[in-house]
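Only one structure is covered here, and it is reproduced in the block below.
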Protein chains: 2
Amino acid sequence: MNVDFFQSIYNHPLISKIDLKDIISEHQKIRFSKGTVFLENGKMANEYYLIESGLLRAFVHDLNGNEITTDFHGENEISIEVSSLFQRIPTNENIVALTNGVAWKIEFQSFQELFHKIEGLREWGRAWMSKQLFSSKQRSIDIHTKSATERYLNLIKDKPKIIQQSPIKHVASYLGITDTSLSRIRKEIRSD
Amino acid sequence: MNVDFFQSIYNHPLISKIDLKDIISEHQKIRFSKGTVFLENGKMANEYYLIESGLLRAFVHDLNGNEITTDFHGENEISIEVSSLFQRIPTNENIVALTNGVAWKIEFQSFQELFHKIEGLREWGRAWMSKQLFSSKQRSIDIHTKSATERYLNLIKDKPKIIQQSPIKHVASYLGITDTSLSRIRKEIRSD
DNA sequence: GATTTTTCCTGTCATATGACAGGAAATTAA
DNA sequence: TTAATTTCCTGTCATATGACAGGAAAAATC
């Protein structure tokens with residue numbers, strides 16, 4: 001059991017070694033292959049995953065039925081649909097694997113018990129959500145503050161694996177532009 | 001003490017009447033006037049507010065020093081900067097009153113004790129954060145899915161008070177457009 | 001109530017991005 | 001390996017929005 005992996009994710013001063021052991025033991029290792037569906041529009045999330053290797057993509061459908069990529073979940077990150085999982089309602093998102101990989105799954109019920117039992121986990125969870133909210137807001141701001149080119153360059157810098165592992169069209173919708181436009185941007189950058 | 005007001009905000013099946021009383025008693029009524037600063041870039045949030053009446057505006061500065069309105073906090077809503085309050089770090093946001101009004105303040109420390117004591121409050125808090133995260137994501141999607149006109153019309157429909165109580169230029173930056181552009185949109189709509 | 005400041009509107013011009021379509025390249029399936 | 005599918009690039013044309021500037025209107029201040 002790779003403790004460091006869990007440590008790096010459940011990383012909070014109030015989570016003791018014993019707490020961590022408790023938490024780890026509720027996770028179950030799974031292997032997944034490209035195309036595996038983790039969550040589907042209309043269903044309710046009943047678990048979340050720590051990604052050890054591989055890349056997942058979250059997306060929604062807009063009014064015209066087009067897929068819009070809302071997020072990528074990569075190595076050492078959590079793949080979770082918070083709204084559905086914590087409000088116990090159907091999701092509007094889809095989560096699908098873009099690559100093969102390994103993840104650790106924890107059921108809602110298990111998390112729930114740990115959450116109310118371990119103060120450190122509550123603090124960790126709240127801080128984690130705060131960070132998510134912060135990034136989400138930042139994304140909104142970036143979309144109308146930075147050019148598409150800047151956003152793309154930032155993504156390359158911050159999460160280079162995504163560009164390597166995901167079809168470019170998904171990156172485009174994640175950046176809020178068409179694949180046409182991203183294609184032009186990439187051409188532009190090449191010539192620099 | 002207006003219990004219904006608190007009830008409508010701290011609304012969760014696991015929060016009992018007694019819990020609610022406990023929670024309410026940690027809030028302190030304040031009156032504020034237009035221009036009152038609730039939070040400032042670089043400082044740390046140490047409390048949050050339930051707005052009984054009036055309208056607050058949250059904004060950040062972009063790289064060129066322009067103000068970008070990130071949110072409005074109106075009646076029966078919570079004015080909070082989650083990142084700073086729960087991660088105990090300095091904020092990058094500013095929150096300022098656009099009107100006079102009345103709010104109920106609760107200190108971080110008080111909330112903290114209630115949070116770890118009352119299971120229902122934890123569930124409520126987590127659900128509340130989930131909803132925030134959902135709206136935030138939705139905003140990102142709307143920005144590149146809907147036209148500026150649609151976003152403006154939706155805002156009028158969903159939060160009409162904002163248009164009445166806020167200078168239009170703040171609405172513009174909230175919508176991710178310039179005031180020039182919003183002005184044109186308003187003209188367009190008038191003639192329909 | 002006069003002056004200053006802020007807010008809002010409008011004109012012109014520039015430009016980033018979208019829509020659509022066709023073909024090349026790469027990946028997947030048979 | 002060949003065929004089918006998906007992905008990616010590129011061209012043309014249209015358009016929503018931005019940048020900038022000036023003036024009218026409204027609000028705040030004295």
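Protein chains get the first letters and strands the later ones, always in sequence-line order, with residue 1 at the start of each.
If you check the side chains of B/S16 and B/D19, you find a donor sitting under 3.5 Å from an acceptor. A donor-acceptor pair shorter than 3.5 Å can be found between the side chains of B/S136 and A/S136.
Atom pair A/Y152:OH and D/dC8:P shows a separation of 10 Å (rounding to whole Å applied). The separation between A/N100 atom CG and C/dT28 atom P is 11 Å, rounded to whole Å. Remark: P of D/dC20 and CG of B/N66 are 10 Å apart, rounded to the nearest angstrom. Across the protein-nucleic acid pair, B/K146 atom NZ and D/dA16 atom P stand 18 Å apart, rounded to whole Å. The distance between atom CZ of A/R186 and atom C1' of D/dT10, rounded to the nearest whole Å, is 14 Å.
Screening residues 162-185 of chain B for ring pair (Phe, Tyr, Trp, His ring centres under 6.0 Å) gives B/F72-B/Y174 as the qualifying pairs, with residues at least two apart or on separate chains. Residue pairs meeting the salt bridge (Lys or Arg N to Asp or Glu O under 4.0 Å) criterion with at least one partner in residues 51-61 of chain A, sequence neighbours excluded, are A/R57-A/E67.
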Sub-3.5 Å pairs of nitrogen or oxygen atoms, protein against nucleotides 28-30 of chain D:
| residue | atom | partner | partner atom | Å |
| --- | --- | --- | --- | --- |
| D/dA28 | OP1 | B/K34 | NZ | 2.7 |

Distances for protein N or O near nucleotides 21-26 of chain C N or O, under 3.5 Å:
none

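With sequence neighbours excluded, the residues satisfying side-chain hydrogen bond (donor to acceptor under 3.5 Å, both in side chains) with B/H116 are A/R122, A/E123. Take A/K43 and apply the salt bridge (Lys or Arg N to Asp or Glu O under 4.0 Å) test, not counting sequence neighbours, and it matches A/E40. When the salt bridge (Lys or Arg N to Asp or Glu O under 4.0 Å) test is applied to A/K105, the partners found at least two apart in sequence or on another chain are A/E107. For A/S8, the side chain to side chain contact (heavy atoms under 4.5 Å, CB included) partners two or more places apart in sequence, or in a different chain, are A/N76. In this view, A/K34 satisfies the side-chain hydrogen bond (donor to acceptor under 3.5 Å, both in side chains) rule with no residue, not counting sequence neighbours. Partners of B/E75 under the salt bridge (Lys or Arg N to Asp or Glu O under 4.0 Å) rule, at least two apart in sequence or in another chain, are B/K161.
Residue order along DNA chain C, read from the 5' end via each residue's closest nucleotide, puts B/H170 first among B/H170 and A/A148.
For the pair B/R139 and B/F134, the cation-pi test (distance below 6.0 Å, angle within 45°) is failed. A cation-pi contact links B/R88 to B/F108, judged by a cut-off of 6.0 Å to the six-membered ring centre and 45° from its axis.
Near-neighbour residues of DNA chain D inside residues 156-169 of chain B, defined by a heavy atom below 4.0 Å, are absent.
Put simply, the side chain of B/T36 never gets that close to the backbone of B/A97: no donor and acceptor are under 3.5 Å apart.
Comparing the helix axis at one end of the helix from C/dG1-D/dC30 to C/dA30-D/dT1 with that at the other, each defined from 5 consecutive pairs, gives an inter-axis angle of 60° (nearest 10°).
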